[in-house]
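Note that this is a predicted model, so its numbers are computed, not measured. Side chains are part of it too, since the values below use all heavy atoms of this structure and drop only hydrogens, waters and symmetry mates. For the single chain, residues carry numbers from 1 onward in sequence order.
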Amino acid sequence: MRHAVEPGVTPRHRLPPWPELWVPWLVGSMVLAAMTATDFDFRWTSWLYGLEGQRWALKSAFVTEELIHRMGRDLSTLAWLAVLATWVMTWRRTAYRDSRRPLAVLAVSVLLATSLVAWIKSWSNMDCPWDLLQYGGHRPFVALWEARPATLGHNRCFPAGHASAGYAWTALYFFFLAVRPSWRWFGLATGVVTGLVFGLAQQLRGAHFLSHDVWAALLCWSVAVVVWRLAGRRGGVA
């Protein structure tokens with residue numbers, strides 16, 4: 001997909017359009033299929049649960065709940081507000097005018113990515129590991145595609161909302177591609193690493209399965225790609 005996301009690169013062979021979108025989905029789909037076939041979600045969660053002494057010992061721990069969950073979420077929000085404030089400043093100082101469009105694309109991407117995940121969480125109606133019988137909860141597991149008994153009530157544990165507050169910043173790849181291309185991989189790594197840290201903390205708390213994070217990462221990256229594509233190639237965005 002290098003020719004699609006880096007300027008001035010000519011592909012040797014013609015690929016279907018938008019490889020930076022369908023290639024991650026192809027790989028991600030294979031990963032998710034393998035996880036389903038091997039029951040890896042439950043194997044991984046059971047290992048974490050056993051590591052904590054057959055209880056979610058880190059559910060309310062300072063590092064996982066206060067530092068990474070609450071403060072991490074607030075930090076992501078503050079970072080977005082900083083991007084928005086910087087975008088406003090570009091209208092007051094002409095020296096920063098070239099960054100105006102990339103900043104707008106970044107702000108829109110992060111907002112839409114986290115909003116999309118939150119919207120899916122509002123109706124997907126899946127339980128968290130800590131809700132399930134095998135992990136100290138009171139509910140049987142009901143898969144996403146299975147009919148959910150009305151007696152179980154509603155829940156909001158899919159996809160991983162907190163991880164999306166990190167993965168949404170994979171949009172930094174396209175921001176730096178526009179303003180400082182040599183930093184683009186740093187921007188991508190920032191979003192990926194933050195998403196991994198946020199996601200692992202939630203898994204340690206019993207709040208999500210690993211697959212919930214894979215879905216969040218795919219959705220966030222997809223939003224970043226679509227917003228970047230729709231923004232067009234004007235103003236150094238692509």
- Taking atom CG of Leu112 and atom OG of Ser222, what is their separation to the nearest 0.5 Å? 12.5 Å
- OG1 of Thr38 to CZ of Arg43: how many Å apart, nearest 0.5 Å? 6.5 Å
- What distance separates Leu172 CG from Ser109 OG, expressed to the nearest 0.5 Å? 9.5 Å
- Item | Lys/Arg-Asp/Glu bridge criterion (N-O < 4.0 Å) met for Glu65, Arg70 | yes
- Query: Parallel, tilted or perpendicular for Trp56 and Tyr49, by the 30°/60° rule?
  - Reply: tilted
- Message: How close do Gly161 and Val117 get, counting heavy atoms only, and between which atoms?
- Response: CA-CG1, 3.8 Å
- Can you tell me if Thr64 uses its side chain to pair, donor with acceptor, with the backbone of Ala201 under 3.5 Å? no
- Task: Tell me whether the centres of the aromatic rings in Trp185 and Tyr173 are closer together than 6.0 Å.
- Result: yes
- Rounded to the nearest 0.5 angstrom, the NE2-CZ distance for His162 and Arg205 is 8.5 Å
- Task: Would you check if there is a donor-acceptor pair between the side chains of Asn125 and Asn155 at a distance under 3.5 Å?
- Result: no
- Query: Where does the angle between the aromatic ring planes of Tyr135 and Phe42 fall among parallel (under 30°), tilted (30 to 60°) and perpendicular (over 60°)?
  - Reply: parallel
- Leu219 versus Tyr167: any side-chain heavy-atom pair under 4.5 Å? no
Can I get a per-line list of side-chain donor-acceptor pairs under 3.5 Å for residues 30-37, giving both atom names and the distance, sequence neighbours left out?
{"residue": "Thr36", "atom": "OG1", "partner": "Leu32", "partner atom": "O", "Å": "3.0"}

- Task: May I ask you to decide if Arg156's main-chain N or O and Lys121's side chain share a donor-acceptor pair within less than 3.5 Å?
- Result: yes
- Note on the structure: Closest non-hydrogen atoms of Gln203 and Leu210, given as atom of the first, atom of the second and distance, are NE2-CD1, 3.6 Å
- Task: On the 0 to 90° scale, with breaks at 30° and 60°, tag the Phe209-Phe141 ring pair as parallel, tilted or perpendicular.
- Result: perpendicular
- Would you call Glu20 and Arg229 a salt bridge, using N to O less than 4.0 angstrom? yes
- Task: For Gln202 and His69, indicate whether the former's side chain and the latter's backbone hold a donor-acceptor pair under 3.5 Å.
- Result: no
- Residue pair Ser164 / Leu116, side-chain heavy-atom distance below 4.5 Å: no
- Message: Which heavy atom of Ser99 sits nearest to which heavy atom of Val179, and what is that distance?
- Response: OG-CG1, 4.2 Å
- Task: May I have the step-by-step check of side chain to side chain contact (heavy atoms under 4.5 Å, CB included) for Thr190 and Thr170, ending in yes or no?
- Result: CA-CA 7 Å; Thr190 298; Thr170 54; over 6 Å; no
List the atom pairs, with distances to 0.1 Å, where a side-chain N or O of residues 82-91 and a protein N or O form a donor-acceptor pair under 3.5 Å, not counting sequence neighbours.
{"residue": "Thr86", "atom": "OG1", "partner": "Ala82", "partner atom": "O", "Å": "2.7"}
{"residue": "Thr90", "atom": "OG1", "partner": "Trp87", "partner atom": "O", "Å": "2.4"}
{"residue": "Thr90", "atom": "OG1", "partner": "Arg100", "partner atom": "NE", "Å": "3.4"}

- For the atom pair CZ (Phe62) and CG (Leu67), what is the distance rounded to the nearest 0.5 Å? 5.0 Å
- Message: Using side-chain heavy atoms (C-beta onward) and a distance below 4.5 Å, is Asp131 in contact with His138?
- Response: no
Please report, to 0.1 Å, the donor-acceptor pairs under 3.5 Å made by any side chain of residues 71-80, with sequence neighbours excluded.
{"residue": "Ser76", "atom": "OG", "partner": "Ala165", "partner atom": "O", "Å": "2.9"}
{"residue": "Ser76", "atom": "OG", "partner": "Trp169", "partner atom": "NE1", "Å": "3.1"}
{"residue": "Thr77", "atom": "OG1", "partner": "Arg73", "partner atom": "O", "Å": "3.1"}
{"residue": "Trp80", "atom": "NE1", "partner": "Ala107", "partner atom": "O", "Å": "2.8"}

- Ignoring hydrogens and angles, tell me if any N or O in the side chain of Asp41 forms a donor-acceptor pair with the backbone of Ser211 under 3.5 Å. yes
- Trp215 and Ile120: side chain to side chain contact (heavy atoms under 4.5 Å, CB included), yes or no, with the steps? CA-CA 11 Å; Trp215 277 103; Ile120 296 175; over 6 Å; no
- Query: Taking side chain as C-beta onward, heavy atoms only, is Pro102 less than 4.5 Å from Val105?
  - Reply: no
- Message: Classify the ring geometry of Trp44 against Phe40: parallel below 30°, tilted from 30° to 60°, perpendicular beyond 60°.
- Response: parallel
- Heavy-atom donor-acceptor pair, His208 side chain to Gly199 backbone, under 3.5 Å: no
- With side chains defined as the heavy atoms from C-beta onward, is the minimum distance between Met126 and Val142 less than 4.5 Å? no
- Item | NZ/NE/NH1/NH2 to OD/OE distance under 4.0 Å, Asp127 and Arg148 | yes
- Taking the six-membered ring for Trp and the full ring for Phe, Tyr or His, determine whether the centres of Phe174 and Trp221 are under 6.0 Å apart. yes
- What's the spacing between Trp183 CH2 and Leu188 CG if we round to 0.5 Å? 15.5 Å
- Message: On a heavy-atom basis, which atom in Thr194 and which in Gly166 lie closest, and how many Å separate them?
- Response: CG2-CA, 3.6 Å
- Query: With a 4.5 Å limit on heavy-atom distance, are the side chains of Trp25 and Leu218 in contact?
  - Reply: yes
